[in-house]
Asks: 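Please read through the structure below; I'll follow up with questions.
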Amino acid sequence: MAGFRFFDLNPEQLRAATHPGGPMLILAGAGTGKTRVITARVTWLIANGVGADKILAVTFTNKAARELKERIGGMVEAEKAKLVTASTFHSLCLKILRRDIERLGYKPNFTIYDEGDQTGLIKKIINRTAAKDESLDPGAAKAGISKAKNMGWTPPEDDKTLLGAVYARYQRELKQFNAIDFDDMLTLSVRLMADFPAVRDYWREKYDHLLVDEFQDTNKLQLDLVTLLCREKRPNICVVGDDDQSIYGWRGAEISNILEFERHFPGPEVFKLEQNYRSTNAILDAANRLIKNNARRRGKKLWSDSPGGANVTVISANDDLTEAEFVANEINAHKHSDRLEWEHFAVLYRMNAQSRLIESELRRMKIPYRLVGGRSFFDRREVKDVISYLNFLVNPKDDAAMLRILTSPPRGIGGVTIENAIEFSAKADANLIDAMTSSAFSETLSSRARNAIQTFADEMQTARIRLMTPGANASELVGSILADCGYLEDLKRSCKTPEEALSRETNVRELLDALADYQTKHKNWQGFLDDIQLDREREKDKEDGRGVTLITLHAAKGLEYPHVYLVGAEDGLLPHERSKLEGTVDEERRLFYVGITRARQTLTISHCLYRTKFGSKTTCKMSGFLQEIQGDNVDFVSHAEIMARPVEEEEALDLFARARAMLNEP
DNA sequence: AGGTGAGCATTTTTT
DNA sequence: ATGCTCACCT
């Protein structure tokens with residue numbers, strides 16, 4: 001047990017970390033040292049003779065997987081630590097699929113459709129499938145299909161409903177394009193393991209101990225997958241999670257997976273981590289009072305050794321602008337009076353739209369901030385274009401990618417031609433590129449269109465051959481392809497300002513650099529596309545950027561900040577109007593709970609009397625949740641009262657800072 | 001083939 | 001308010 005200090009753990013943590021095996025459930029409240037226990041458990045297992053390569057830890061995010069690996073690396077010898085598998089559900093599935101997907105009739109060079117590709121495909125299918133008097137919202141269809149997949153429903157044979165018909169056709173076309181969507185990663189992995197004992201046994205025998213993090217967020221398929229990975233009657237499965245932090249029900253997460261864990265894995269040992277190492281008791285009290293209003297929960301009460309700390313403050317501001325001003329002022333004053341760093345502050349909100357006003361106030365006061373969750377880079381048109389070029393070159397069946405690049409740059413192939421080609425390909429049951437270049441289709445075209453198509457097809461085929469040559473420098477090659485086909489020129493031309501052109505060019509450059517980087521590290525480049533779809537590449541540059549954090553409540557889960565401002569605690573926003581309609585107010589309460597428990601030292605919650613929604617001013621009621629957190633260590637004050645507070649020493653500094661900030665204004 | 005303007009909807013988003 | 005889609009125009 002060299003190098004492992006058990007005295008870091010409290011008794012319950014220690015009990016969990018050193019439990020010999022069998023099913024176990026670790027209920028880990030917010031800030032109770034969950035990762036530490038997982039790390040300790042892995043270390044303990046290895047110290048007690050379990051092969052490091054026999055341990056599989058599954059997480060939801062790449063960040064969590066990376067952190068886990070790092071922390072295990074800090075506890076175990078390097079060679080052993082490397083052998084532990086810590087991976088996300090989706091990257092595990094990708095490994096399963098890349099190995100055996102041919103058994104399901106896909107080729108192993110399949111591409112992964114992102115949300116945009118999915119919506120695009122669904123839209124086209126609806127257009128082609130719906131009768132004149134029918135209509136279906138593509139977003140709703142996508143959600144419906146996703147739900148169906150996650151419930152384990154296969155497309156219906158008889159196309160009774162439009163949605164059913166669209167689902168069936170969507171799935172058929174995906175396969176034809178040799179593409180899978182995010183849900184397929186799970187459905188297909190589960191199907192592979194369920195239908196092919198050889199595949200199942202391969203993965204079963206690979207691991208002796210399974211750890212699943214954030215178990216409250218698993219959906220049906222993820223539970224199925226985990227179950228399939230278990231071989232014994234009393235499997236060594238250790239799940240960690242917190243039912244009170246289940247906030248992804250709308251995405252298919254089944255809170256029952258954790259609430260009814262005993263049903264899925266009988267006779268587990270249950271551990272409850274309730275000692276919190278993060279927040280003051282004032283904050284924990286508020287959180288406990290709130291969450292006990294939820295009926296369906298396993299029941300937990302967070303407590304802390306540390307002193308009570310400052311009271312939680314609830315502010316009522318007149319309107320959303322005042323609220324933003326208040327938060328910016330308060331952060332500024334607090335930072336200067338207590339000599340804090342901007343990084344110590346975070347502003348949490350329900351909807352991304354709420355960040356706007358806060359941002360502009362922070363900008364006005366010259367306070368640096370970082371906005372979390374903006375998926376800007378990979379959503380840029382030019383970045384998607386280049387990725388589509390890569391995807392199409394790797395997988396010529398990828399119709400979505402082809403459609404994207406077919407018109408950028410313009411190649412003299414018009415909308416009518418493309419529509420006809422799509423129709424033709426559907427009838428001929430062939431891929432778009434094959435359909436378009438087939439002689440049967442060519443005959444219907446003008447010679448100009450025919451030549452344009454042929455040129456495109458030849459160009460791409462040449463590029464493909466060059467790219468697939470072993471040892472090819474992918475980044476350089478793609479760069480020259482983009483230049484040769486006129487893409488770069490067209491990109492520049494389509495920009496309104498020189499700055500825009502420069503920024504788009506830089507983005508392309510950055511992507512190509514990332515590709516080159518990947519190739520040097522991995523000696524191949526095909527995996528680059530997987531990484532991009534799995535977000536791994538995206539996250540790399542997320543860490544940088546200093547300043548006050550602006551983040552949604554959802555995205556804030558798992559993070560912590562010394563000083564938290566939770567804005568917009570109003571009825572209709574938190575709980576969100578839609579959740580009241582859908583009867584998921586409990587989940588909103590958990591969301592609020594997650595927000596509260598992010599704070600280490602101070603928590604300030606605000607709500608407005610008026611808020612501008614969709615362009616017009618509306619009256620706002622305070623969130624019902626605010627009544628629930630009431631107690632001696634929660635102060636309710638109006639914004640006006642704060643402004644009229646007697647000037648004490650601390651406040652004097654506040655005023656000074658405020659005055660200085662005002663002088664800084666332009 | 002691409003640009004423009006009216007009309008429309010508007011949560012959260014680990015992969 | 002704002003961004004996005006679709007239809008219509010040049």
Side-chain angles (χ1 to χ4, degrees), chain A residues 58-66 87-94 112-115 118-120 123 127 137-140 142-143 146 150 180-186 213-214 216-219 221-222 245-253 320 348-357 360 372-375 378-379 407-418 452 490 493-494 496 530-539 542 551-559 568 572-582 584 587-588 590-592 594-595 611-617:
Chain A
V58 189
T59 62
F60 272 85
T61 66
N62 294 303
K63 190 168 159 236
R66 211 182 315 127
S87 123
T88 65
F89 273 104
H90 287 85
S91 49
L92 175 67
C93 286
L94 214 46
I112 302 160
Y113 270 26
D114 67 16
E115 307 245 317
Q118 272 183 71
T119 313
K123 254 188 214 161
N127 283 339
D137 169 46
K142 182 158 141 291
S146 176
N150 282 305
I180 65 169
D181 63 21
F182 266 97
D183 296 317
D184 286 339
M185 288 195 205
L186 286 157
D213 193 15
E214 306 278 18
Q216 76 281 355
D217 290 333
T218 51
N219 64 23
L221 287 170
Q222 285 156 338
Q245 292 188 72
S246 161
I247 55 174
Y248 284 104
W250 53 276
R251 254 175 141 265
D320 42 354
L348 274 50
Y349 40 81
R350 176 68 236 259
M351 288 195 297
N352 280 124
Q354 287 173 265
S355 73
R356 283 207 133 77
L357 277 180
S360 74
V372 179
R375 0 210 55 185
F378 285 84
D379 277 345
T407 50
S408 51
R411 296 184 153 87
I413 305 168
V416 185
T417 313
I418 293 174
D490 179 62
R493 197 188 52 76
S494 67
K496 289 196 181 78
D530 281 354
D531 272 16
I532 278 180
Q533 297 306 55
L534 289 180
D535 261 23
R536 268 180 242 159
E537 282 294 323
R538 298 184 190 207
E539 284 178 10
K542 254 192 188 168
I551 192 169
T552 63
L553 289 164
H554 280 92
K557 196 180 74 168
L559 305 176
L573 240 194
L574 186 64
H576 195 276
E577 195 59 42
R578 206 132 147 187
S579 73
K580 296 201 291 181
L581 263 33
E582 288 166 3
T584 52
E587 183 155 309
E588 298 285 304
R590 293 193 289 265
L591 194 53
F592 193 30
V594 166
R611 177 177 294 274
T612 308
K613 272 183 196 161
F614 311 138
S616 58
K617 203 155 194 147

Asks: Name all stems that contain residues of DNA chain C, defined as runs of 3 or more consecutive Watson-Crick or G-U wobble pairs, both distances under 3.5 Å.
Replies: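 For DNA chain C the paired stretches long enough to count as stems (3 pairs minimum) are B:1-10 with C:1-10.
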
Asks: Report yes if a donor N or O on one partner sits less than 3.5 Å from an acceptor N or O on the other, where the partners are the side chain of A/Arg251 and the base of B/dT11; otherwise report no.
Replies: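 Flag unset: no donor-acceptor pair detected.
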
Asks: Could you check how far CZ of A/Arg611 sits from P of C/dA1, rounded to whole Å?
Replies: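 Checked: the CZ to P distance equals 16 Å.
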
Asks: A/Met351 side chain: which of B/dT13, B/dT15, B/dT11 is closest?
Replies: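 Per side-chain heavy atoms of A/Met351, the pick is B/dT11.
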
Asks: In whole angstrom, give the distance that lies between atom CD1 of A/Ile551 and atom C1' of B/dT12.
Replies: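 Going from CD1 in A/Ile551 over to C1' in B/dT12 covers 12 Å.
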
Asks: Ring-on-base stacking between A/Phe614 and B/dT10, under 5.5 Å between centres and under 30° between planes: is it there?
Replies: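 Check passed, A/Phe614 stacks on base of B/dT10.
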
Asks: Starting from P on B/dT15, measure out to CG on A/Asn62 and report it in whole angstrom.
Replies: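 After rounding, the gap between these two atoms is 5 Å.
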
Asks: Taking A/Thr584 for the side chain and A/Glu587 for the main chain, is one N or O donor matched with an acceptor at less than 3.5 Å?
Replies: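 Side chain of A/Thr584 to backbone of A/Glu587, a donor-acceptor pair under 3.5 Å: no, none is there.
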
Asks: OP1 or OP2 of B/dT13 versus the side-chain N and O atoms of A/Asn352: is any pair under 4.0 Å?
Replies: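 Result: yes.
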
Asks: Just call it for A/Glu582: base, sugar-phosphate, or nothing, with non-hydrogen atoms closer than 4.0 Å on any strand.
Replies: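 A/Glu582: base contact, heavy atoms under 4.0 Å.
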
Asks: Please state how far atom CG in A/Asp181 lies from atom P in B/dT15, giving the value in whole angstrom units.
Replies: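 Answer to the nearest Å: 16 Å.
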
Asks: Verify the stacking flag for A/His90 against B/dT15: centroid separation must be under 5.5 angstrom and the ring planes must differ by under 30 degrees.
Replies: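 It does not: the two rings, one from A/His90 and one from B/dT15, miss the stacking criterion.
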
Asks: Quick one, A/Asp181 and A/Ile112 - any side-chain contact, counting heavy atoms below 4.5 Å?
Replies: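 Contact flag for A/Asp181/A/Ile112 side chains = no.
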
Asks: Identify which one of A/Leu573, A/Leu574, A/Thr552 satisfies the side-chain contact (heavy atoms from CB on, under 4.5 Å) criterion when paired with A/Met351.
Replies: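 By the side-chain contact (heavy atoms from CB on, under 4.5 Å) criterion, A/Met351 pairs with just one of A/Leu573, A/Leu574, A/Thr552: A/Leu573.
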
Asks: Taking ring pair (Phe, Tyr, Trp, His ring centres under 6.0 Å) as the test, write out the residues that go with A/Tyr248, two or more places apart.
Replies: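 A/Tyr248: ring pair (Phe, Tyr, Trp, His ring centres under 6.0 Å) contacts with A/Trp250, A/His554.
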
Asks: Does this structure show an ion pair linking A/Asp320 with A/Lys613, if we count only N-O contacts that are shorter than 4.0 Å?
Replies: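 Not counted as a salt bridge, because no side-chain N and carboxylate O are separated by less than 4.0 Å.
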
Asks: May I have the distance from A/Trp250 (atom CH2) to B/dT15 (atom C1'), rounded to whole angstrom?
Replies: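 The answer, rounded to whole Å, is 12 Å.
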
Asks: Select one nucleotide: of B/dT14, B/dT13, B/dT11, the one nearest the side-chain heavy atoms of A/Arg578.
Replies: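 Output: B/dT11.
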
Asks: If you look at every heavy atom in A/Asn150 and A/Asp183, which pair is closest and at what distance?
Replies: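 Here A/Asn150 and A/Asp183 meet closest at ND2-OD1, 3.5 Å.
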
Asks: Heavy atoms, side chains only, cut-off 4.5 Å: are A/His90 and A/Asn62 in contact?
Replies: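 Not touching, per the 4.5 Å side-chain cut-off.
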
Asks: Within the 4.0 Å heavy-atom criterion, would you say A/Phe89 contacts the bases, only the backbone, or no part of the nucleic acid?
Replies: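 Since no nucleic acid heavy atom lies under 4.0 Å of A/Phe89, the category is nothing.
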
Asks: Quickly work out the A/Leu553 CG to B/dT12 C1' distance and round it to whole Å.
Replies: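 Between C1' of B/dT12 and CG of A/Leu553: 9 Å.
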
Asks: Once you round it to whole Å, what is the distance between P of B/dT13 and CD of A/Gln354?
Replies: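 Between P of B/dT13 and CD of A/Gln354: 11 Å.
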
Asks: A/His554 has an atom NE2; how far is it from atom P of B/dT15, in whole Å?
Replies: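 Value for this atom pair: 14 Å.
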
Asks: Check this one for me: any side-chain N or O of A/Thr59 less than 4.0 Å away from OP1 or OP2 of B/dT14?
Replies: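 False: A/Thr59 side-chain N/O out of range (4.0 Å or more) of B/dT14 OP1/OP2.
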
Asks: Answer yes or no: is there an ion pair linking A/Arg350 with A/Glu588, defined by an N-O contact shorter than 4.0 Å?
Replies: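 Yes, this pair counts.
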
Asks: Any idea which of C/dG3, B/dT13, B/dT15 is nearest the A/Arg356 side chain?
Replies: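 Output: C/dG3.
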
